[in-house]
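The structure under discussion appears below in the form of structure tokens.
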Amino acid sequence: MIKLHWILLGVITLISILADFVFLADYPNKHWWSYIPAFYIIWGFIGCVGIIYISKWLGKIFLQKKEDYYDAG
Amino acid sequence: MPVEMMIPPALYMIAGALILPMLPKNLRAGIFILFPMIALAVIWSLPDGYLIKTTFIGYELIIIEVTRLTRIFGIIFSLIAVIGGVYSYHQKEVGQQSAALLYAGGALGVTFAGDYFTLFIFWELMAVASTYLVWARRNKESEKAGMRYLLVHLFGGSLLLTGILIHVGHTGSLLITRLIPDGSVSSWLILAGVALNTAIPPFHAWLADAYPKATVTGAVFLSAFTTKSAVLILIKIFSGWEVLIFLGVMMALYGVVYAVLANDIREILAYHIISQVGYMVAGVGIGTEMSINGTTAHAFSHILYKALLFMGAGVVLQTTGRSKLTELGGIAKKQSVTLWLYMIGAFSISGFPLFNGFISKSMVVAAAGDAHFETAMLLLLLASVGTFLHTGLKLPYFTWWNKSKEEILPTKPPINMHVGMAMAAFFCILFGVYPSLLYNYLPFAVNYEPYTLYHLTESVQILTFTFIAFWLLRTKLAGEPTIAIDTDWFYRKPAKLIERIFVDGVTFIFDYAEKVSLKVVDYFVQFGRNPLAIFFKEERGTDYHADQHRASTQLLTVLIVFSFVLFALVSLIM
């Protein structure tokens, strides 16, 4: 990731937040999470971190085995 | 009604499978493509409501039932068979070519079946034909995985058949109709049989077990037919069964968790079939017109982008001989065409705007929200985070971009592989840019607009921050040389114990009985050769020589006769 990529991501995020708060301010909120500002940013980030850590944790406690697990007696 | 003189689309494929072995090797791959093209044209031309009916031992059968729902599935099955045929053009093994056409024929047969008998015949045809696509890899792993795949599908077929028989016993009809969730045994058995092909946990492990071990080209066909034809049957029979919402959401997340742990690139894709089919299963469970439209559209999109993803992974396997993240990396510049065609599939499955996943997945998610299943909607959005994380980020990053431990020099793939990928990529973009091309053919009138500012904002925010989280934590996602145990543990691990009891145990008993028998025989042989061996150790192993033992034998005989005479005299006197 070079600096330009991060700048682009920042611009995209700013535009989406702008759209969220300006153009979608009067959007009929259909769900409870629609009242949380920038909910999808939080959901995307926390969701991704959660998926990685929870899956890895499940893997460590009982799911992951050696590659020859089924062949080794 | 008499059988009309119209050939069912499935038979074009099956005829192709039978004709191909008789053709010269160099013509087969080209002619292969003609059969699904003919089937596609026939399906396109069949009017809605078209039926082919007949009777069989007093039961009414509907061999073909064309509706808006079955037509769209028939079209995508035929289209992907054409694309798969192009991708497999270099592959000259007739067994695989015929098996792929039989498999596609089975899928079309299931699609248009209006009765359980026809459904079951084609259902089993799919199981057998697809097994060959696993076995055709011809290594020890695929041989074992293929056998497990076949046995599991035969088990699923047995559940389905049992359910059908009970159902027919109760209703007296073989016709497929929507079942109500009344708790009847037959309904649950039919659901279990269909759920196995849909890869609903805990009946899903066959998919992640077998697909990564199939041939490069076989996996493309496998990714398209079995689960999606089962989704169609779910729509026909079980729409509105709310238990499917729970199962669908669970599937969507289940696949995501296992994809984190998977090291084989085709296993990652296989777990994401389970995850994506979860959206469809949830859509069936919601059961509204919008959710059924969403499920159908998503099945259509999924077949295209998943085939594209498997094609990309297949090129990697074909050209490097490797499929594990721990053994790959650093080939982005050497495989830029493959990489970017793959990325079109990745953008599609991740729901990027202008790609087909965006216009179909969102419909299922929106349908969940509209039907007030808010938790389901939120969890499906979470699953889409996982989809982008693995298919769009983890897999391409560690396969192509990340530094490899050693330099990998991929060979050049056959041009037809890229042509096949380009065809699938074209359709992924076409339907993403012009959703009405798909929406106009969905089962119900579509009242959904995917390109709203709200939906675009939602998608951009989720995708951007999924990417940022991935980039920060990417080292944690590096492949590990491990496997993750799944529900196949329950039949793979005890297999050793069962083998010990029923194979090793029985073999031991037979061995022991054989040894004892041989000893007894040896004893009698010894006795026959030399009766003295019973009394004298030194006589064992030697033959009886009458001359050598004449004196002692005569003495023994005299003694015996004398004893007899003596006893006789004594007994007379007494």
Side-chain angles (χ1 to χ4, degrees), chain A residues 1-2 5-6 8-73, chain B residues 140-141 144 253 256-263 324 366 369-370 372 374 377-379 381-386 388-390 393-394 452-454 456-474 476-477 480-486 488-489 492-493 495-496 500:
Chain A
M1 283 285 281
I2 55 172
H5 293 151
W6 287 112
L8 274 173
L9 281 179
V11 170
I12 291 168
T13 306
L14 278 175
I15 292 170
S16 77
I17 291 172
L18 196 71
D20 213 347
F21 286 92
V22 178
F23 300 107
L24 296 171
D26 299 326
Y27 192 82
N29 290 326
K30 289 196 282 189
H31 313 292
W32 59 262
W33 60 83
S34 307
Y35 298 98
I36 301 171
F39 173 79
Y40 293 114
I41 286 177
I42 301 165
W43 196 236
F45 189 83
I46 302 287
C48 185
V49 172
I51 286 167
I52 294 171
Y53 276 99
I54 291 170
S55 307
K56 283 283 175 190
W57 175 70
L58 288 171
K60 291 290 168 246
I61 59 169
F62 78 107
L63 292 177
Q64 278 182 302
K65 304 285 178 196
K66 285 180 182 172
E67 285 182 315
D68 64 349
Y69 175 74
Y70 286 114
D71 300 320
Chain B
K140 203 177 169 188
E141 274 195 326
K144 287 183 174 179
L253 292 169
V256 161
V257 168
Y258 270 89
V260 173
L261 305 174
N263 187 28
K324 291 180 179 169
D370 281 4
H372 306 293
E374 291 196 320
M377 180 182 182
L378 211 48
L379 292 175
L381 283 173
L382 179 63
S384 74
V385 169
F388 179 43
L389 172 65
H390 302 122
L393 297 169
K394 172 186 166 178
T452 61
L453 186 59
Y454 183 87
L456 284 167
T457 308
E458 167 198 310
S459 301
V460 165
Q461 290 182 350
I462 287 178
L463 293 168
T464 306
F465 278 82
T466 299
F467 174 80
I468 291 170
F470 162 78
W471 193 257
L472 297 175
L473 297 172
R474 65 190 184 281
K476 291 197 174 295
L477 286 166
E480 294 177 70
T482 57
I483 59 159
I485 54 167
D486 204 334
D488 55 347
W489 184 91
R492 291 182 69 177
K493 204 62 183 171
K496 292 273 177 198
R500 275 188 198 141

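FYI, side chains are in, hydrogens and waters are out, and symmetry mates aren't considered; it's all heavy atoms of this structure. Chain letters run A, B, ... following the sequence lines, proteins first, then strands; residues in each count from 1. Note that this is a predicted model, so its numbers are computed, not measured.
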Is it the backbone or the side chain of A:Leu58 that comes under 4.5 Å from a heavy atom of chain B, or both, or neither?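 Answer is side chain: those atoms of A:Leu58 sit under 4.5 Å from chain B.
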
So which part of A:Ile17 gets closer than 4.5 Å to some heavy atom of chain B, the side chain, the backbone, both or neither?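 Both parts, backbone and side chain.
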
Student check: side-chain heavy atoms of B:Val460 and A:Tyr40 closer than 4.5 Å: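 SC-SC contact between B:Val460 and A:Tyr40 ruled out.
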
Note, B:Val260 side chain near A:Lys56 side chain (heavy atom, < 4.5 Å):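 Yes, close enough: below the 4.5 Å cut-off.
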
Restricting to pairs with a member in residues 42-55 of chain A, which pass side chain to side chain donor-acceptor pair (under 3.5 Å), not counting sequence neighbours?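 Output for this query is empty, none listed.
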
Listed by chain and number, what are the side-chain contact (heavy atoms from CB on, under 4.5 Å) partners of B:Leu472, not counting sequence neighbours?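 With sequence neighbours excluded, B:Leu472 shows a side-chain contact (heavy atoms from CB on, under 4.5 Å) to A:Phe45, B:Ile468, given in chain and number order.
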
Portion of [X] that has a non-hydrogen atom of chain A nearer than 4.5 angstrom:
X: B:Leu378; value: both
X: B:Leu389; value: side chain
X: B:Lys140; value: neither
X: B:Lys394; value: neither
X: B:Phe388; value: neither

Looking at [options], which one has more heavy-atom pairs under 4.5 Å with chain A than the rest?
options: B:Leu253, B:Asn263, B:Leu463, B:Leu473; answer: B:Leu473
options: B:His390, B:Gln461, B:Met377; answer: B:Gln461
options: B:Leu381, B:Leu453, B:Val256, B:Thr464; answer: B:Leu453
options: B:Leu477, B:Leu456, B:Asp486; answer: B:Leu477

Measure from NZ or CZ of B:Arg474 to the centre of the six-membered ring of B:Trp471 and say whether it is under 6.0 Å with the direction within 45° of the ring axis.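 Judged by the rule, B:Arg474 and B:Trp471 form a cation-pi pair.
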
Is the NZ or CZ atom of A:Lys65 positioned over A:Tyr70's six-membered ring, under 6.0 angstrom from the centre and within 45° of the axis?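 Relative to the ring axis of A:Tyr70, which defines the angle, A:Lys65 lies outside at least one limit.
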
Indicate yes or no: does B:Glu480 engage B:Lys324 in a salt bridge with an N to O separation below 4.0 Å.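 Answer for the salt bridge query: no.
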
Return the option, out of A:Phe39, A:Phe62, A:Trp33, with the maximum number of heavy-atom pairs under 4.5 Å with chain B.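 Top option by heavy-atom pairs under 4.5 Å: A:Trp33.
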
Would you call the rings of B:Phe467 and A:Trp6 parallel, tilted or perpendicular if under 30° counts as parallel and over 60° as perpendicular?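 It falls in the tilted class, 30° to 60°.
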
